[in-house]
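Below is one structure, written out as structure tokens, with a few remarks after it.
Each residue takes its place number in the sequence, starting with 1.
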Amino acid sequence: MHVEKFSPEINKVYQIEKHTLIHILSGTGSIQVDFNNYYDWQQKGIFLEKGQYIKFLSDRFLVRKIEFSDENKFYNDEVRVLFKHLISLGYIDLEECDDCKKFLSESVLAENSANIIDISSKQWYWQNPFKANKEEYQIIFDTKEIIDKEYSNSLTNRDLVELINQRGYNAQTLIKDKIGLSVKNLMSAKKLVESQKEIAFTDKSIQEISYQLGYKDDAYFNRVFKNATGNTPRQFRENFDFKNRDLFTQDIIALLKEYHTQERSLGFYADKMNMSVKTLAKKVQSKMNVSLGQLIRLEIINTAKLMLINGESITHISRTLGFEEPNHFSRFFKHYSGVTPTDFKF
């Protein structure tokens, strides 16, 4: 087992080579895992399996990375729910798990940190993200195992369903009911993520990637990929910019950190970046998989949360963040965070 505490570099891709727990110790901003952005991860534990990647779209994070060496443990039916992601990340909320916090403390971690996996899986089931019982979870994750194994084999939806049903159950209705996606949707999502990884992280030709993923026609693969992402495979490779890590992301985030309490106009940030609003919005969406408006709102919410934690009054916060009235700020905060400022404080 390897444990490391560090401040991750902004916009750097950290490839996951072993089953890993990323413990967010402090910081605000968004985190990208497998081309999806996630927010508000302070005091949460994120579980990643080898083959995934994580990228921090802020330079304010302090994290602890724990790599686990006991590979056999991760094929245990009770544990795999942490690492095999469906429509969201596997994570636990440490604020709701006293045992988790205890085992992630500096003193205990060195002595018995393997236990964090067992405790975390119990906490994950307690959180019950898909509102299912344990037997139903095993059916769902059995299906995910099949999809992970068969996604490149050009199976039709009927082929896939028959293969799943050979296990002795009908998973289609259960999966649709619990996670809101069909088996076909899950297969398509898996193929898309794997194609994105091949395009972003390798020098393989688009034709080679399309054949590898089971597409017999690379023109058809191009159409499917563009419909899903808004970019052709070549555009996606250029925008992700894995090797060069240009300064665009750092520049726009630095601007947001400096001006978000005063400026919310897209035009202001476009002028600062010497771009049209349309060009800036398109580039932010392509490179960061999020809209510019969402980034601005995220900065405002994160600053508000920090001020609330530090005991600032709602009136003072609303004035600092440029709201005309405290009730305007309260409505904004509840709309984008799900709770009122007062509830968040307690």
Side-chain angles (χ1 to χ4, degrees), residues 7-11 24-33 36-44 46 55-63 89 91 93-96 247-346:
S7 295
E9 295 181 41
I10 186 173
N11 208 32
I24 307 300
L25 298 169
S26 63
T28 57
S30 59
I31 294 171
Q32 186 178 103
V33 176
N36 286 315
N37 287 6
Y38 303 91
Y39 308 96
D40 191 20
W41 288 103
Q42 189 169 356
Q43 283 305 310
K44 290 183 171 63
I46 305 170
K55 184 162 69 165
F56 298 84
L57 303 181
S58 164
D59 59 2
R60 290 169 285 182
F61 284 106
L62 177 65
V63 307
L89 283 178
Y91 75 91
D93 190 334
L94 300 175
E95 294 299 328
E96 297 177 346
L247 297 177
F248 173 81
T249 300
Q250 289 92 317
D251 289 344
I252 190 64
I253 287 176
L255 283 174
L256 289 170
K257 286 170 65 177
E258 183 175 357
Y259 293 107
H260 71 279
T261 61
Q262 309 151 42
E263 296 287 348
R264 299 179 201 173
S265 163
L266 304 189
F268 172 84
Y269 295 100
D271 288 342
K272 285 289 185 180
M273 295 291 287
N274 296 313
M275 297 179 182
S276 69
V277 171
K278 185 176 180 180
T279 299
L280 177 60
K282 185 175 181 180
K283 194 164 184 178
V284 168
Q285 187 69 53
S286 294
K287 285 190 171 291
M288 303 177 72
N289 200 30
V290 66
S291 74
L292 180 56
Q294 285 174 299
L295 283 180
I296 295 170
R297 290 190 292 272
L298 179 66
E299 286 294 330
I300 295 170
I301 291 294
N302 283 336
T303 297
K305 287 181 176 179
L306 289 174
M307 295 178 77
L308 287 166
I309 290 169
N310 289 330
E312 303 282 356
S313 72
I314 292 174
T315 299
H316 175 68
I317 295 170
S318 66
R319 190 182 305 119
T320 301
L321 296 179
F323 290 88
E324 292 183 1
E325 299 290 342
N327 63 325
H328 295 173
F329 162 69
S330 294
R331 285 199 299 269
F332 175 90
F333 188 91
K334 183 175 182 180
H335 180 74
Y336 290 108
S337 69
V339 295
T340 67
T342 301
D343 289 341
F344 178 82
K345 289 174 74 172
F346 298 102

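- To the nearest 0.5 Å, atoms OG1 (Thr340) and CZ (Arg331) are separated by 13.5 Å.
- Other residues, nucleotides and ligands place more than 12 heavy atoms under 6.0 Å from the NZ atom of Lys257.
- Heavy atoms of other residues, nucleotides or ligands lying less than 6.0 angstrom from CD of Gln262 number more than 12.
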Audit row: Phe248, Leu280, side chain to side chain contact (heavy atoms under 4.5 Å, CB included) steps and yes/no: CA-CA 10 Å; Phe248 173 81; Leu280 177 60; 3.8 Å; yes

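- When all heavy atoms are compared, the tightest approach of Phe61 to Ser30 is CE1-O, 3.9 Å.
- The nearest pair of heavy atoms linking Val277 to Gly267 is CG2-CA, 3.6 Å.
- Residues Ser291 and Val284 approach most closely at C-CG1, 4.1 Å, considering heavy atoms.
- Proximity of Val63 to Phe56: side-chain heavy atoms (C-beta onward) are separated by under 4.5 Å at one or more points.
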CA sep, side-chain torsions, deciding dist, call: Ile31, Ile24, side chain to side chain contact (heavy atoms under 4.5 Å, CB included): CA-CA 11 Å; Ile31 294 171; Ile24 307 300; 3.9 Å; yes

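- In this structure a side-chain-to-backbone donor-acceptor pair under 3.5 Å is missing from Tyr259 to Tyr269.
- A distance of 11.0 Å separates CZ in Arg319 from CD in Glu312, rounded to the nearest 0.5 Å.
- Taken from CE in Met307 to OG in Ser318, the straight-line distance is 9.0 Å, to the nearest 0.5 Å.
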Could you go step by step and tell me if Ile300 and Phe332 meet the side chain to side chain contact (heavy atoms under 4.5 Å, CB included) rule? CA-CA 10 Å; Ile300 295 170; Phe332 175 90; 3.6 Å; yes

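- For the pair Leu57 and Ile10, the tightest heavy-atom approach, listed with the atom from each and the gap, is C-CG1, 4.1 Å.
- Of the inter-residue distances, the one linking Leu292 atom CG with Ile296 atom CD1 reads 4.5 Å to the nearest 0.5 angstrom.
- The distance from the CD1 atom of Ile252 to the CE atom of Met273 is 5.0 Å, given to the nearest 0.5 Å.
- Annotation: Lys44, atom NZ; neighbour count of heavy atoms from other residues, nucleotides and ligands within 6.0 Å is above 12.
- Between Ile314 and Pro341 the shortest heavy-atom distance is CD1-CB, 3.8 Å.
- If you take NZ on Lys55 and CG on Asn37, they are separated by 8.5 Å, rounding to the nearest 0.5 Å.
- In plain terms, the two heavy atoms of Leu266 and Gly293 that are nearest each other are CD2-N, 4.2 Å.
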